[in-house]
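A short worksheet on the structure shown next.
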Amino acid sequence: MKQPRGLRNNNPGNLRRSKDQWQGLRAEQTDPDFFQFETMAYGYRALLKTLQNYRRLRGCVTLRDFIRRWAPPTENNTGAYLRAVCQDMQVPETWIPDVNDRETMCALAAAISRVENGVDAFIPDVERGWELL
């Protein structure tokens, strides 16, 4: 069975390629659509940093705000995505995550990774990503 694209790319959040110069990018980017990272920890770092920037730069407050930004309806079934993350974290859509709290953000990153890749996140990789912030 083929590994999910996000895991093959060490990009568990499936961050789309852009002009951003993330730490830990592979020297050669062979996926035309999604970033590829050297390690899973760098992929989680980028996911976590993006979520923190959603609060700081985009005004996201509730979990609903974050997921609508992360998984817009033009590309995703945002409602199903949000329900899956809420169920995984056992929080309501109106929950306000503390973007500076390690446990909170690692849990949110793991929930997003599960939706994106269809498998549970390896928590030590998520935590290593947090340590790289």
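The shown structure was predicted, so the numbers you read here are calculated from the model rather than taken from an experiment.
Contact annotation: the side chain of V85 approaches that of L108 to within less than 4.5 Å [non-hydrogen atoms, C-beta and beyond]. Two residues are said to be in side-chain contact when any heavy atoms from C-beta on lie closer than 4.5 Å; Y54 and T50 meet this criterion. You'll find the side chain of L132 stays beyond 4.5 Å of the side chain of L48, heavy atoms only. Counting heavy atoms from C-beta on, the side chains of F34 and Q29 never come closer than 4.5 Å. A heavy-atom distance below 4.5 Å is not found between the side chains of L63 and I96. Contact annotation: the side chain of L47 approaches that of W70 to within less than 4.5 Å [non-hydrogen atoms, C-beta and beyond]. F35 is listed as a side-chain neighbour of S18, based on a closest heavy-atom distance under 4.5 Å. Residues T62 and W95 form no side-chain contact, since every pair of their non-hydrogen atoms from C-beta on lies 4.5 Å or further apart.
Listed by first then second residue, pairs satisfying salt bridge (Lys or Arg N to Asp or Glu O under 4.0 Å) with a partner in residues 15-42 read R5-D31, R5-D33, R16-E75, not counting sequence neighbours. For residues 51-67, the salt bridge (Lys or Arg N to Asp or Glu O under 4.0 Å) pairs, not counting sequence neighbours, are R64-E93.
Between R69 atom CZ and L57 atom CG the span is 9.5 Å, to the nearest 0.5 Å.
Counting only N and O atoms by type, the side chains of Q36 and Y42 include no donor and acceptor under 3.5 Å apart.
Note: the hydrophobic cluster containing V61 does not contain V99 (ILVMFWY, side chain heavy atoms under 4.5 Å, direct or indirect links). M89 and L82 end up in the same hydrophobic cluster when Ile, Leu, Val, Met, Phe, Trp and Tyr side chains are linked at under 4.5 Å.
A search for side-chain hydrogen bond (donor to acceptor under 3.5 Å, both in side chains) contacts involving R83 returns nothing, not counting sequence neighbours. Checked against side chain to side chain contact (heavy atoms under 4.5 Å, CB included), Q90 has no partners two or more places apart in sequence or in another chain. Qualifying side chain to side chain contact (heavy atoms under 4.5 Å, CB included) partners for N117, counting only residues two or more places apart in sequence or in other chains: P4, L7, P12, N14, S113, V119.
T104 places no side-chain N or O within 3.5 Å of a backbone atom of P97 that could act as its donor or acceptor partner. Although no hydrogens or angles enter the test, the distance criterion places a donor-acceptor pair under 3.5 Å between the side chain of N11 and the main chain of L15.
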Throw together a table of side-chain donor-acceptor distances under 3.5 angstrom for residues 123-131, partners on residues two or more places apart or in other chains.
| unit_1 | atom_1 | unit_2 | atom_2 | d |
| --- | --- | --- | --- | --- |
| D125 | OD1 | R128 | NH2 | 2.7 |

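Nearest heavy atom pair, residue F37 against residue A46, reads CZ-CB, 3.6 Å.
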